[in-house]
Amino acid sequence: MISPVIVTEHLTKDHMSHFLRKRFRALDGLTLSVDRSETYGLIGLNGAGKTTTLKLLLGLLKPTSGSVSVLGSPGGAQQTLRKIGFLPESPHFYSYLTGAEFLDFSGKVFGLTKVECKERAADLLKMVSLTEAAKTAIGKYSKGMMQRLGIAQSLINDPEIIFWDEPTSGLDPIGRRDVRMILLKLKEQGKTIFLNSHLLPDVNEVCDRVGVLHRGRLVGTDKISSITGGGSYQDLEAYFLECISSSEVKV
Amino acid sequence: MNAVLAIALNTYRETVRDRVLYAFVFFAFVLTLAGILLGSISVGQDLRILEDLGLATIAFIGGIIAIFVGTSLVYKEIERRTIYLIVTKPIARWQFIAGKYFGLALCVFVVTLAMGSFLLATVYVVSPGHIINSLLLESLVFIYLELIFITAVATFFSTFATPVMSVVFTLAFWLIGHMGQSLRQLGHLSASTTVAKFFDAIYWLVPDLSRLTTVRADLMYGRQPDAELLFYLVSYTAAYIILLLSFATVVAERREYQ
Ligand SMILES: Nc1ncnc2c1ncn2[C@@H]1O[C@H](COP(=O)(O)OP(=O)(O)OP(=O)(O)O)[C@@H](O)[C@H]1O
Ligand SMILES: [Mg+2]
């Protein structure tokens, strides 16, 4: 039996504005599950609630109601954090550290030895084409370089589950192609991958299944194979727009 | 422990590589040298004035660094969203807080050491024959003790308040700590028992720092304070630091990271 490794049940999150104490429902009764070794893409318009979902899965936010489980533990549990990798949306780093220093730090936190840290960091830097900038302060990195470093640090512990929030944002065409290649390689290794994106061509190429999030609700979910049948992303676009417009009609 | 050390190292690097720090240390050097001028005006007293002013400068500049770096220590991580990459790794909140704290405490140590060495060197240049009093070194230790206490207060506030608010809270805490005894006596002068009780409560809540000053004054006048008192002060301050960091951990555990 295939067991789901990521599960949310009726997950709801209200954001509270500081001044007026007004509630805003960013996520409304989200129920989804992702199986081991599956690549799941959460797609949706800006402000749909994708990042909010990811933050709940990682324990950065606490649910207003409903529940989250990753590898059988609630979001943010220490034993789960050992086995996952996270790339936040436009990641931020300590500007005075160098890229290599941050990777070294990440490796140490996961209990890697000095030698392991060094080898792993060198491999990852090469993978994201940052070898030359390894000894430059991160404060001097471009947006795309920070994105690449974010990808590298998320893989330092050879994670079982990968959570990436818009991995291709800010990347040049070659960078985007590199990320697709990395994703396909991770897939081959049997990793579970949870992606947030609104770039449908990328999603079409790498995901097994997608969920469409609209105004905090899951308005559609299906296998890529049955949506596009391995064909062009335009079918995915049609599916996406269809899901959104039919949910608007219901409201 | 690995995680604590890794975060401490990051924090230390981050603070030590900030140029503002050097401006402060430079300013401290200038103030120390000003002690030579002041000392030369008052006959016979020059070394004493140089030492007094030097120590006061170290306490003052060290305090400014502890307060201004400390109050943004955790807040900056949240504001700049660097914390996303920290708390989503297997790092417990207490490890994060302890690591940030030790990193800054180490930075303050290095700064105190630099300013202290400069003072000793200045004393030596002014009067090469002068034997450096061990009490001067002891004074430095007690200044550092107070600085790491202030650092803990600032760290605590920075887990939930903006830096500006934290600076205000930390300064208030520090001031009450030094004047608690007087405030309490003031409260007891009032006719109302409520007022007296209020000041009593504040006195018990905020640590009594005036004893640190007393010890420093003693050292300055060449009197070696009672060993028992020193032991008491060190353990009292350490206990308070642990308490503050525990509170900071609780706040960090309960809050969300937007
Ligand atoms: N801290 C916050 N306080 C108040 N509202 C928030 C907060 N964070 C997010 N929101 C709101 O919640 C909704 C969902 O935001 P979220 O960041 O999850 O969207 P998203 O799907 O990731 O969008 P994008 O594609 O632009 O990244 C938005 O309407 C946003 O305004
Ligand atoms: Mg987002």
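Chain A is the first sequence line, chain B the second, and so forth, proteins listed ahead of strands; every chain is numbered from 1. This structure is a prediction, so every number in the text was calculated from the model and none was measured.
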J.: Consider only side-chain N and O atoms of B:Glu146 and B:Trp174, and report whether a donor and an acceptor are under 3.5 Å apart.
T.: yes

J.: Heavy-atom distances under 4.5 Å only: say whether B:Ile7 touches chain A with side chain, backbone, both or neither.
T.: both

J.: For A:Phe102, is it the side chain, the backbone, both or neither that has a heavy atom under 4.5 Å from a heavy atom of chain B?
T.: side chain

J.: Return the option, out of B:Glu77, B:Lys89, B:Arg255, B:Lys76, with the maximum number of heavy-atom pairs under 4.5 Å with chain A.
T.: B:Lys89

J.: Only one of A:His92, A:Lys55, A:Glu89 clears side-chain hydrogen bond (donor to acceptor under 3.5 Å, both in side chains) with B:Tyr84; which?
T.: A:Lys55

J.: Verify whether one side chain among A:Thr168 and A:Asp202 offers a donor that lies under 3.5 Å from an acceptor in the other.
T.: yes

J.: Counting heavy-atom pairs under 4.5 Å to chain B, which of A:Lys108, A:Gln78, A:Gln79 comes out on top?
T.: A:Gln78

J.: How about A:Thr113 and A:Glu116: does a side-chain donor come under 3.5 Å of a side-chain acceptor?
T.: yes

J.: Pick one of side chain, backbone, both or neither for A:Ser106, based on which atoms fall under 4.5 Å of a heavy atom in chain B.
T.: both

J.: Strictly under 6.0 Å, is that where the ring centroids of B:Phe29 and B:Phe118 end up?
T.: yes

